[in-house]
Amino acid sequence: MAVQSRFSFPTPEEIPEQWQFPTPLEQRSYLINGEIHHWDGPMHPVDSPVYLRKEDRLEKVRLGSYPLMTGVEALQALESACNAYDKGRGAWPTLSVEDRIRHIEEFTLKMRQQRTEVVRLLMWEVGKTLKDSEKEFDRTVDYIHDTVEALKELDRRSSSFTLEQQILGQIRRSPLGVVLCMGPFNYPLNETFTTLIPALIMGNTVIFKPPKLGVLLHEPLLKAFQEAFPPGVVNTVYGDGPSVINPLMESGRIDVLAFIGSSRVADLLKKAHPKPHRMRGILGLEAKNPAIILPDADLDLTVKETLLGSLSFNGQRCTALKLIFVHRSIADRYINSFCNALDQLKAGMPWENGVNLTPLPEPEKTTWLQSLVQDAVNQGAQVVNPGGGAISRSFFWPAVLYPVAPSMQAYQLEQFGPIVPIVPYDHIDEPLDYVATSDYGQQISLFGKNPDQMAALIDPLVNQVCRVNLNSQCQRGPDTFPFTGRKDSAEGTLSVSDALRCFSIRSLVAAKNEEVNQELINNIVRERKSRFLSTDFIF
Ligand code: G3H
């Protein structure tokens, strides 16, 4: 089947008025020390994964460009963040929790006004469907609200004194310093903000570099950052990673690295820091989450969940199911049913109603995916779905590969795209060995009905991955649940409340329970002389 019969790029006239992209966004602005500066230097062009059909040609859509900053500007951003933190004496780290919340709420209000623009850019820049782009925006706003509530709760719990072994103490959480935030292209807004917001609200100052793809969608928020936060609290850098990030790391002045990307880059960044033990890493890295389908699995439910799990946002989720182990006794029935369901998916442009499969933003990705398919085919696998692996420029029709074996790249590498490798197994030890020896340890999906069998799998698997999903796809949400991984998959745990802990450290004021100290503390608290030593209760 030629992919053209299932997918085609639109003509300019076919794009709904509301979602057109009439003028390229040449972003020359960047935020350092509370000022929006104008960049006169070289720019990096931004192209959309969406092509336009003009007569018999396909044309790239140029979305705009962003500054290719250098180490000089990056170090200015660092200076600004360090000054705003001022070794913990700055206005922001010493501000009361209530006041910091007020700034975050002001930002959220302004951010909401930019929803349509951010959603439009999400669709054009990374090819995310309208529904998922809106969901990403709204989920981020909800995350901010939930973070505020979680901090209030944390603060309430810390607003009392403890008396232990005749020592009086008040224990709270304090900021860590300067945080470098770098998110991924697949959730450029959400995953950046799930570190940026908790870092800020805990009193840290931030340098924020948008991912390589998904830069322009942050531009509509620049003014909101400038207006809602004191100078130097939020600073932005753009450009090529090694040029702008290396000088920051080599300075030794980054206290927290919040990075969602590959473990290879995370290692390089950490090594560039002269005193890595001083820097806390909050890392979301690779994963290759498997599904194990047992012989008694409910087939309809399994197909529904594995299809969603492997192909939502074209498989470009760190939590996506990237290897499916199916018991040989049901493999044919499962594959048949999976391929039929896949065939019903709609491919098209991000703004089209009911669309599931869209163009891929990473340059040359389709060629690389094709090489994974070819490698599997060369080693005896087949593409078992009609049209699997067909390409039209940045669009790749999902390829279901079967039978996949350990020697194939599709088994070993994180495809982060629409390839579904299916591995038949005879004995449960085969998928369990995969989990045990894999470099990754994020999540797993188990499909089956027998309670004895499922329980016998759950107990060892929770010690090898960080979430076991029963008859359900792998996913990060709900955001109040802990999101983390073992081995090469993560460092640190994120969730609404865990993130507040990640970006802070416990700090306390203590004194022997003597009259002189009681009087001193009473006076400070009664007269509200300290923001730390305080019994104020946030409502
Ligand atoms: O790319 C990794 C994301 O954190 C996955 O989030 O499971 O909600 O799609 P999700």
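Order of appearance sets the numbers: ligands from 1, and atoms from 1 within every ligand. Everything quoted here is computed from the prediction, not taken from an experiment.
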Enquirer: Report yes or no: is the cationic atom of Lys110 (NZ for Lys, CZ for Arg) under 6.0 Å from the centre of the six-membered ring of Phe225, at an angle within 45° of the ring normal?
Expert: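 Cation-pi check for Lys110 and Phe225: fails.
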Enquirer: Taking the six-membered ring for Trp, are the ring centroids of Phe193 and Tyr143 within less than 6.0 Å of each other?
Expert: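 Centroid distance Phe193-Tyr143: not below 6.0 Å, so no.
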Enquirer: Tyr187 vs Thr140, test: side chain to side chain donor-acceptor pair (under 3.5 Å). Steps then yes/no.
Expert: CA-CA 10 Å; Tyr187 281 92; Thr140 306; over 6 Å; no
Enquirer: Is it possible for you to check whether Lys212 lies under 6.0 Å from the centre of the six-membered ring of Phe185, through NZ or CZ, and within 45° of that ring's axis?
Expert: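 Not satisfied by the 6.0 Å and 45° rule.
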Enquirer: Can you find a heavy atom in the side chain of Pro184 that is under 4.5 Å from one in the side chain of Pro211?
Expert: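 When only atoms from C-beta onward are counted, Pro211 and Pro184 do not touch, as no gap falls below 4.5 Å.
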Enquirer: Relative to the ring of Phe9, is the ring of Phe7 parallel (under 30°), tilted (30 to 60°) or perpendicular (over 60°)?
Expert: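 If you compare the ring of Phe7 with that of Phe9, the planes turn out perpendicular.
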Enquirer: Show the short N or O contacts, below 3.5 Å, that ligand 1 makes with protein N or O atoms; if there are none, say 'none'.
Expert:
unit_1	atom_1	unit_2	atom_2	d
ligand 1	1 (O)	Asn186	ND2	2.8
ligand 1	1 (O)	Cys318	N	2.7
ligand 1	4 (O)	Glu191	OE2	2.5
ligand 1	7 (O)	Arg317	NH2	3.0
ligand 1	7 (O)	Thr319	OG1	2.8
ligand 1	7 (O)	Arg476	N	2.7
ligand 1	8 (O)	Arg139	NH1	2.9
ligand 1	8 (O)	Arg139	NH2	3.2
ligand 1	9 (O)	Tyr187	OH	2.4
ligand 1	9 (O)	Arg317	NE	2.7
ligand 1	9 (O)	Arg317	NH2	3.4

